[in-house]
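Read through the structure below, which is laid out as structure tokens, and then see the notes.
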2 protein chains.
Amino acid sequence: MTTVPTALDERAAQADADDVLGPLAERFLLPEGVVYLDGNSLGPLPAAVPPFLTDAVTRQWGTDLIRSWNGNGWWDAPLRVGDTIGRLIGAAPGQTVAGDSTSVQLFTALSAAIALRPDRPLLVTDPGHFPTDRYLAEAVARRQGLHVRRVPPAGLASFLAAHSERVAVVSYSPVDFRTGELYDMAAVTEATHRAGALAVWDLCHAAGAMPLHLDALGVDFAVGCGYKFLNGGPGAPAYLYAAHRHHMSLETPLTGWNGHAAPFGADRDYTPAAGIARARIGTPPILSLLALEAALTVFDDVDLAQVRAKSLSLTDFLLHCTTELLTPLGIEPVTPPDPARRGSHVALRHPHAHGLTRALGDRGVIVDMRAPDLLRFGVNALYTTHHQLLTAAHHLRDIVREAAYDPAPAPSGPVT
Amino acid sequence: MTTVPTALDERAAQADADDVLGPLAERFLLPEGVVYLDGNSLGPLPAAVPPFLTDAVTRQWGTDLIRSWNGNGWWDAPLRVGDTIGRLIGAAPGQTVAGDSTSVQLFTALSAAIALRPDRPLLVTDPGHFPTDRYLAEAVARRQGLHVRRVPPAGLASFLAAHSERVAVVSYSPVDFRTGELYDMAAVTEATHRAGALAVWDLCHAAGAMPLHLDALGVDFAVGCGYKFLNGGPGAPAYLYAAHRHHMSLETPLTGWNGHAAPFGADRDYTPAAGIARARIGTPPILSLLALEAALTVFDDVDLAQVRAKSLSLTDFLLHCTTELLTPLGIEPVTPPDPARRGSHVALRHPHAHGLTRALGDRGVIVDMRAPDLLRFGVNALYTTHHQLLTAAHHLRDIVREAAYDPAPAPSGPVT
């Protein structure tokens with residue numbers, strides 16, 4: 001079989017032995033014999049979800065029926081779950097609402113932010129931003145008469161220096177979804193505000209993986225999905241954060257009845273509810289929303305600073321394994337080695353990333369890839385071990401060394 | 001105890017004995033001892049849902065994890081479920097997509113329809129339309145530079161005669177959500193088209209309760225929820241129908257990545273997918289969507305013409321019970337007696353509708369009310385019996401006769 005470099009083995013064993021978060025893995029139902037490194041795409045099933053969802057379906061829906069809107073708290077769920085997520089992103093209660101998809105929430109956030117900066121013609125976004133963020137920026141800008149400028153975070157300061165009073169909104173993500181690079185949220189938000197613009201953040205690849213400080217940084221709007229590091233299940237409802245100071249003047253484009261001041265009053269015209277409730281739209285998918293609520297209990301009594309520390313230990317160890325085992329075989333690490341610039345996944349470059357991902361899957365190591373040539377290894381401090389990362393690196397080394405993979409390029413199939 | 005008018009008893013017994021759809025009630029898990037007449041607000045739990053959802057959670061999410069997007073058909077679910085709903089609304093495959101809320105789908109339908117009729121300044125909607133339809137009509141019209149005209153269906157012909165070339169879109173529902181009145185979809189759609197305008201229908205209170213014929217009528221766009229007569233569970237995903245002929249020029253306002261021609265290609269710009277797939281937005285709430293898919297199996301081998309016939313038999317019988325037992329006590333039927341003008345619920349007017357609804361609930365008869373004075377009795381031919389309606393009428397008679405209810409008006413709480 002494979003020869004194991006003893007130093008890496010020992011380092012993994014020591015790090016896992018020292019891991020204070022180790023017992024949290026019991027909060028997940030992870031399949032036997034699988035190394036799951038794709039929680040940055042779809043978080044695994046928390047143990048709390050199945051019994052919670054069974055209760056929601058059989059008792060709340062089946063027995064209590066329509067009365068559950070009041071009696072089992074369905075009506076308040078978007079705000080209740082929103083506040084629970086708020087605790088993970090540094091948002092005081094009353095500023096976060098859960099529901100709809102990230103794309104819909106982003107449409108609301110961008111539309112509302114632009115409306116707060118009339119007479120400014122530019123919307124700045126990242127050329128490397130996740131596709132839906134870029135597409136929606138274009139759609140919202142066109143609809144509201146703005147132009148999009150694609151400026152990488154590293155170029156923002158000089159762009160703002162040249163165009164500051166023309167920029168309405170800056171829309172970025174703290175973590176690059178391909179490379180795993182972490183940007184400086186504080187510096188970007190501050191530069192944006194100095195230019196008189198508003199900051200809209202997409203937290204999909206950050207929330208749940210590290211402490212975030214929306215209130216403290218003075219962020220204006222943020223959105224994020226429920227299904228990556230929040231482990232809420234496939235397509236789990238997303239969330240929208242809007243800072244308190246914007247609520248009074250917040251104009252949402254999707255004036256659904258759930259966001260009305262008197263949703264059951266059947267008023268002639270739309271009057272927005274007070275506070276973040278005005279960002280509600282239609283009736284949310286309650287079963288998916290309750291699954292997310294159950295999933296969020298994995299964060300009970302968890303210190304996100306410890307989560308971040310372990311996440312960095314994991315990605316640092318994987319980069320170390322890469323240097324030792326994989327770089328000599330032509331696999332190039334893409335994620336920055338500087339911990340201050342690293343999110344919670346590691347991207348490795350290889351021209352046959354698709355075939356390698358498939359071959360790893362056949363050996364029980366689940367990672368994903370981003371075309372054309374990046375393999376992504378997502379770590380989650382709540383359940384990933386250093387030992388698992390070494391196992392993954394060993395398998396990848398063996399696969400490359402033995403050329404035991406299909407060199408065909410990726411088909412355009414669904415991988416999220 | 002109460003005296004039972006024998007003729008009504010016998011008529012109920014005979015109608016239930018003759019009911020060919022009677023065995024379908026076994027497809028639902030209805031709580032013992034409850035007469036559920038609020039399926040027009042939240043359909044009850046189909047027996048197929050719990051095992052289907054357990055599989056979705058524990059095997060598909062828990063064990064297969066990210067691989068389920070391909071392996072268990074999650075990616076195709078919006079189009080697959082859309083086509084299943086299409087069979088219930090008279091839509092050939094490839095024109096219906098499921099996901100998001102009715103409000104979001106309506107925003108898309110109205111925006112897209114208006115864009116297909118540039119230079120026409122009016123959007124016509126029903127002053128009695130469900131609130132979210134009215135609010136979104138105003139929001140979309142304002143955003144696209146149109147004006148809303150609120151014209152009841154009965155006044156449409158004369159309005160179009162006066163304004164025909166100025167009307168871009170007519171947005172109605174076939175069933176009035178308060179009174180249960182059924183409008184003539186064919187006549188409204190034809191008049192709309194004669195004026196060169198497009199027809200957008202909200203099917204929330206009709207789909208699943210009667211045959212619908214979107215293709216045959218030449219309807220342009222339609223939306224509807226999944227949680228009323230489709231029984232998909234609380235906040236079940238909604239759906240959008242767009243006729244084939246509009247797909248090529250269909251511009252959606254929410255250009256999320258799921259609707260891209262190459263959703264995994266990470267193109268620089270948004271290129272809409274071919275066909276109805278371009279109306280996809282973000283990642284849909286898969287657990288809620290799969291619950292809806294399971295729920296739709298209650299329609300397997302069911303003839304909607306039979307459903308409609310039994311629904312009319314039920315509402316006709318309830319109106320008859322009302323005349324016999326309730327009108328003498330001051331309860332006034334609001335729903336038209338003409339079967340051609342009757343949806344699948346009956347509305348009764350009484351100044352203490354709220355207290356009566358509560359008192360009925362205490363006796364195991366679940367109905368709802370719409371402020372200020374309407375009680376709504378929803379029937380669903382898949383599980384409602386004539387005997388249940390007589391039981392409900394008897395209870396209501398006794399409650400009114402004994403003044404056994406709270407005369408306070410309705411609080412502004414959540415009832416959907």
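As a basis for the values below, the full set of heavy atoms in this structure was taken, side chains included, without hydrogen atoms, waters or symmetry mates.
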Between [X] and chain A, which part of the residue has a heavy atom less than 4.5 Å away: side chain, backbone, both or neither?
| X | result |
| --- | --- |
| B:Leu106 | neither |
| B:Thr255 | both |
| B:Arg178 | neither |
| B:Val49 | side chain |
| B:Tyr36 | side chain |
| B:Pro44 | both |
| B:Gln144 | side chain |
| B:Thr108 | neither |
| B:Asn231 | backbone |
| B:Pro127 | neither |

Tell me, side chain or backbone of [X] under 4.5 Å from chain B's heavy atoms, or both, or neither?
| X | result |
| --- | --- |
| A:Arg268 | both |
| A:Ser111 | side chain |
| A:Pro253 | both |
| A:Asp269 | both |

Is there a side-chain contact between [X] and [Y] in this structure, where contact means two heavy atoms from C-beta onward sitting under 4.5 Å apart?
| X | Y | value |
| --- | --- | --- |
| B:Val367 | B:Arg376 | no |
| B:Tyr239 | B:Val81 | no |
| A:Leu290 | A:Trp74 | yes |
| B:Trp61 | B:Ile286 | no |
| B:Pro31 | A:Leu65 | yes |
| A:Asn258 | A:Thr283 | yes |
| A:Val35 | A:Ile366 | no |

- [ ] Classify the ring geometry between A:Tyr135 and B:Tyr270 as parallel (under 30°), tilted (30 to 60°) or perpendicular (over 60°).
- [x] perpendicular
Winner by heavy-atom pair count (cut-off under 4.5 Å) against chain B, out of [options]:
| options | value |
| --- | --- |
| A:Ala238, A:Gly232, A:Pro372, A:Pro237 | A:Gly232 |
| A:Ala236, A:Ser101, A:Pro285 | A:Pro285 |
| A:Leu29, A:Thr63, A:Leu254 | A:Leu254 |
| A:Arg142, A:Arg150, A:His260 | A:Arg150 |
| A:Gly226, A:Pro284, A:Ser68 | A:Pro284 |
| A:Pro131, A:Ala139, A:Gly233 | A:Gly233 |

Open item on the list: ring pair (Phe, Tyr, Trp, His ring centres under 6.0 Å) for A:Trp69 and A:Phe264? Distances and angles first, verdict last.
Closed with: CA-CA 13 Å; A:Trp69 281 105; A:Phe264 302 95; 8.6 Å; no
- [ ] May I have all residue pairs that pass salt bridge (Lys or Arg N to Asp or Glu O under 4.0 Å) and include part of residues 64-77 of chain B, sequence neighbours excluded?
- [x] B:Arg59-B:Asp64
- [ ] Taking A:Thr271 for its side chain and A:Ala261 for its backbone only, find out whether a donor-acceptor pair lies under 3.5 Å.
- [x]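 Pair absent, no side-chain N/O of A:Thr271 close to backbone of A:Ala261.
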- [ ] State which residues pass ring-ring contact (aromatic ring centres under 6.0 Å, His included) with A:Phe107; sequence neighbours excluded, sorted by chain then number.
- [x]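 With sequence neighbours excluded, A:Phe107 shows a ring-ring contact (aromatic ring centres under 6.0 Å, His included) to B:Phe107, given in chain and number order.
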